[in-house]
Each structure stands twice: as structure tokens, then as C-alpha cells.
K.L.:
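Dropping the structure in here first, questions after.
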Amino acid sequence: MAAVFIDAGRVLAALRVDPPGWEFPGGKVEPGETAQHALERECREELGVQIGIGDHIATARSDHIELQFWQVQLLSGIPTALQDHRELRWVSEDELRALDWLPLDREALGAVAERMR
């Protein structure tokens with residue numbers, strides 16, 4: 001599950017420590033969790049924010065992983081790199097493709113850019 005925060009024509013990108021690269025924040029669904037609860041929990045743990053979940057934007061797949069991207073709304077808090085990330089950055093559509101994205105996140109860039117317009 002990946003959270004796509006869009007605000008004023010910019011999207012939140014997170015620089016992951018390991019493996020290194022830019023991603024949309026999120027994480028794995030734990031046993032007994034729904035996908036939406038997992039995304040809410042991950043945003044609380046990794047970024048210190050409460051979110052509302054909006055539309056499904058994209059799905060990317062590799063041999064062992066399916067990553068779903070959801071547009072989310074910031075309900076409270078200020079996104080802060082608390083776990084797993086070295087840096088957070090709000091980027092414009094023009095800056096989006098200049099970052100070194102992790103492979104599955106890169107697959108969703110077109111769909112994310114559409115939402116930013």
C-alpha cells in the first residue's frame with residue numbers, strides 16, 4: 001500500500017533508507033488488517049499523520065509484490081520522516097520524474113502526474 005499525498009499541485013515523495021530510493025510512503029498489510037487500515041497505520045508510524053483514504057490510483061506488480069497506490073488526504077499532523085525515510089520532499093509534476101524512484105513506484109508516476117493536474 002502506498003499513500004499519494006497531493007496538495008497545491010505537489011506530491012509528497014519519501015527518500016527511503018533501505019533500499020535507497022524515492023517512494024510514495026506506505027507499507028505492508030499485517031495479518032488481520034484491511035488494506036485501508038494498513039495504510040492508515042503506516043502513515044501514522046512513518047510520518048506521524050492521520051489520513052483519509054480516497055481513490056485508488058494505480059497498481060504495480062513485480063514477481064513477489066503487488067503495490068497499490070491510493071490518493072490520501074491529510075487530516076492532521078505534518079508529515080515528518082520518523083521511520084524508514086531519510087527525507088521527505090513536496091515535488092511538482094516537473095520535478096517528479098527527476099527523482100530516482102524505486103521500481104514499483106516509478107510505474108505509478110504517470111497515474112500520479114494525472115492526479116496532480
Side-chain angles (χ1 to χ4, degrees):
M1 301 290 298
V4 179
F5 293 83
I6 298 173
D7 183 44
R10 298 176 307 152
V11 67
L12 184 66
L15 180 57
R16 189 163 181 81
V17 174
D18 186 34
W22 290 92
E23 71 173 358
F24 297 102
K28 296 179 183 174
V29 178
E30 299 291 338
E33 271 186 323
T34 66
Q36 287 78 11
H37 285 129
L39 194 55
E40 291 168 348
R41 175 186 52 76
E42 289 285 351
C43 287
R44 199 171 42 254
E45 292 173 359
E46 291 184 3
L47 305 174
V49 298
Q50 298 292 322
I51 62 166
I53 300 176
D55 294 334
H56 178 262
I57 294 176
T59 301
R61 292 178 181 85
S62 70
D63 291 342
H64 306 289
I65 299 172
E66 177 181 284
L67 185 56
Q68 296 181 22
F69 297 83
W70 294 83
Q71 187 165 349
V72 299
Q73 176 185 12
L74 184 62
L75 298 179
S76 67
I78 297 171
T80 305
L82 300 175
Q83 292 183 20
D84 301 328
H85 299 108
R86 185 174 17 194
E87 178 184 345
L88 300 177
R89 186 184 300 175
W90 289 95
V91 297
S92 68
E93 184 180 349
D94 291 338
E95 299 166 309
L96 194 62
R97 295 188 195 279
L99 297 179
D100 185 18
W101 292 92
L102 294 173
L104 290 178
D105 293 84
R106 189 177 308 116
E107 288 184 33
L109 293 182
V112 170
E114 285 290 320
R115 293 290 178 129
M116 295 173 72
R117 296 183 185 128

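Positions are given from 1, in the same order as the sequence printed here. A quick note: this is a predicted structure, and the numbers were derived from the prediction, not measured.
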K.L.:
Would V91 and W22 satisfy side chain to side chain contact (heavy atoms under 4.5 Å, CB included), going step by step from the backbone distance to the final call?
P.N.:
CA-CA 12 Å; V91 297; W22 290 92; over 6 Å; no
K.L.:
From W90 CH2 over to I6 CD1, what is the distance, rounded to the nearest 0.5 angstrom?
P.N.:
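Reported to 0.5 Å precision, the distance equals 9.0 Å.
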K.L.:
Which atom pair, heavy atoms only, marks the closest approach of R16 to R86?
P.N.:
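Closest pair (atom of R16, atom of R86, distance): O-NH2, 4.2 Å.
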K.L.:
Tell me whether the rings of W101 and F24 are parallel (<30°), tilted (30 to 60°) or perpendicular (>60°).
P.N.:
parallel
K.L.:
With side chains defined as the heavy atoms from C-beta onward, is the minimum distance between R106 and D100 less than 4.5 Å?
P.N.:
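Contact flag for R106/D100 side chains = yes.
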K.L.:
Determine the minimum heavy-atom distance between M116 and S92, stating which atoms define it.
P.N.:
CE-C, 3.6 Å
K.L.:
Between F69 and I65, is there a shared hydrophobic cluster once you connect ILVMFWY residues whose side-chain heavy atoms come closer than 4.5 Å?
P.N.:
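Same cluster: F69 reaches I65 through Ile, Leu, Val, Met, Phe, Trp or Tyr contacts under 4.5 Å.
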K.L.:
Closest heavy-atom contact between A2 and L39?
P.N.:
C-CD1, 3.8 Å
K.L.:
Can you find a heavy atom in the side chain of R115 that is under 4.5 Å from one in the side chain of D55?
P.N.:
yes
K.L.:
Looking only at non-hydrogen atoms, find the nearest pair between I57 and A111 and report the distance.
P.N.:
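Here I57 and A111 meet closest at CG2-CB, 3.5 Å.
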K.L.:
Could you pull out the closest heavy-atom pair between H85 and A14, with the gap in Å?
P.N.:
CD2-CB, 3.3 Å
K.L.:
Same cluster for W70 and V49 if Ile/Leu/Val/Met/Phe/Trp/Tyr side chains link at under 4.5 Å?
P.N.:
yes
K.L.:
Looking at side-chain heavy atoms only, is the closest gap between L12 and L74 below 4.5 Å?
P.N.:
no
K.L.:
Any chance you could measure R41, atom CZ, to Q36, atom CD, to the nearest 0.5 Å?
P.N.:
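The CZ atom of R41 sits 13.0 Å away from the CD atom of Q36.
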K.L.:
Can you hop from L47 to L99 via hydrophobic side chains spaced under 4.5 Å?
P.N.:
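No.
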K.L.:
Flag yes if L67 and V4 sit in one hydrophobic cluster, no otherwise; membership is Ile, Leu, Val, Met, Phe, Trp, Tyr, and two members link when side-chain heavy atoms are under 4.5 Å apart.
P.N.:
yes
K.L.:
Report yes if some heavy atom in the side chain of R89 is under 4.5 Å from a heavy atom in the side chain of L15; otherwise report no.
P.N.:
no
K.L.:
Check V72, T34, I53, V29 against M1 for a side chain to side chain contact (heavy atoms under 4.5 Å, CB included) and give me the one that passes.
P.N.:
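So, applying the side chain to side chain contact (heavy atoms under 4.5 Å, CB included) to M1 and each of V72, T34, I53, V29, only V29 qualifies.
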K.L.:
To the closest 0.5 Å, what do you measure between CD (E23) and CG (D105)?
P.N.:
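Nearest 0.5 Å value for the CD-CG distance: 5.5 Å.
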K.L.:
Would you confirm whether H56, through its side chain, and A58, through its main-chain N or O, come within 3.5 Å as a donor-acceptor pair?
P.N.:
yes
K.L.:
Over all heavy atoms of both residues, which pair between K28 and A38 is shortest? Give the atoms and the distance, please.
P.N.:
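Heavy atoms of K28 and A38 come nearest at O-CB, 3.9 Å.
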K.L.:
How long is the span from the CG atom in L109 to the CD atom in E93, to the nearest 0.5 Å?
P.N.:
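Going from CG on L109 over to CD on E93, the span is 10.5 Å.
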K.L.:
Would you say E45 and L82 make side-chain contact, with heavy atoms under 4.5 Å?
P.N.:
no
